[in-house]
Amino acid sequence: MKTLKILIFAVFAAIIFTLSALAEETKFTYFTDTETGTIHISGIVGDKAPETVIFPTEINGVKVTEINNMVIINEYGDGQYKAFDLKGAKHVVIPEGIESIGHDMFTGTQELETVKLPKSITKLPSYCFAGAKKLSRINLEYIQAISSFSFAGCTSLREVNLINAAKVGTSAFADTKELTIYAMEDSAAHKYATTNNIKFQKLSGFEKKAIKLYDLGLMKGTGVSPYGRRLFDLDRTPTRAEAVTMLVRFLGREKEALDKKRDHPFTDVPDWADGYVAYAYECGLTNGIAEKAFGSDMACTPEMYLTFMLRALGYSSSGQKPDFSYEDPWIFACEKGITPRQMNTSPFYRSEMVDMSYLSLTAKCKNTNRPLYIDMIDRGLFTEDQYEYWTK
């Protein structure tokens, strides 16, 4: 039997989701699992939760791994489950590092409006947020399994991104009325939406790759929907300025590009792109379309982006022995694994740009003969574990 002890912990809750209010103290009950040496938070002290509840990631230097609605019932440390009451809470934030939420979790969700979940939580239990009629914003793109009735009666939910959900339980979104489920075609979420007559919007494999690049810190989205779904505008043609900006971010050089003022000869670069273009020009990633013209507003073509990427990998399209031709980089790019085929699509969309970037992670750099992602790990952009986790 696990030995448990119950204590009270106070954490100062910062106000997020662009709310403007004073920080307030939240007191939690918790128990320590002596088998794992970690802490499970079991409830909130008092008759009413504060408007914003932010769970702590550690207590007295000990890691918090679970939100678990168990309470101690005797001196031997035996426990039983009791509802975790969120009465009074409008916003809940569960930070990165907390790994799971116990079963049949929250009650008192009537005023709950927003929930922020970490990437580390991949499963939601039955009835988790059931009855949260005002809940309109929650990020679910990292959730792999949603149990029965998790969001039953959440009538204010309008959009959920279930791109990674391999399991959606019976009546998980019962009585949600105007919900749209975003997910991959023929996925568990798609089948659930079809079976339960819920509006469905197809997401592509490009979207999944964009999220992975975002998680590795190599891409920024274009914003979020009013209901919290991250947006990437993948069906839009990028300009040359946007393409170079994405390239610099993908290479993990954004801070370097913006921290130092650099010169370039181009007169048609907007202020927001100036640092990115100047960095790319200084590093030989781009030469512009004319002596003083970068072509910032010109639509980017796949040949252009392939050239940017190949140069970033250390290959050259000029000199006495060029590695590839700027006019036709396809054969060389296919050999290096940046693209599996030549594209005949016109126009060129941000989705294909994401695909090329993602495939380039495993392409070998000319100077090191190692995959690009290894060089990125060496530069501290992410760890090997993070790379394996987000690209699996």
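A distance below 6.0 Å separates the ring centres of F266 and Y281. Ring to ring, Y315 and F324 are not that close: their centroids are 6.0 angstrom or more apart. The aromatic ring centres of F55 and F28 sit less than 6.0 Å apart.
Criterion: ILVMFWY side-chain heavy atoms under 4.5 Å apart, direct or through other members. Under it, L258 and M219 are part of a common hydrophobic cluster. No continuous path of ILVMFWY side-chain contacts below 4.5 Å connects F232 to L359, so the two sit in separate hydrophobic clusters.
Both tests hold for R240 against F294: distance to the six-membered ring centre under 6.0 Å, angle to the ring axis within 45°.
None of K90, K133, K134 except one satisfies the side chain to side chain donor-acceptor pair (under 3.5 Å) rule with E111; the exception is K134. For the pairing with E141, the side chain to side chain donor-acceptor pair (under 3.5 Å) check across K119, R230, R229 returns one residue only, R230.
For the residue pair P270 and D268, the shortest heavy atom distance occurs at CD-O, 3.7 Å.
Applying the 6.0 Å contact sphere to NZ of K366 captures more than 12 heavy atoms from other residues, nucleotides or ligands. Counting non-hydrogen atoms of neighbouring residues, nucleotides and ligands closer than 6.0 angstrom, the CG atom of L231 exceeds 12 such neighbours. In Y214, the OH atom is not crowded: 12 or fewer heavy atoms of neighbouring residues, nucleotides or ligands sit closer than 6.0 Å.
The shortest side-chain heavy-atom distance between L124 and L140 falls under the 4.5 Å cut-off.
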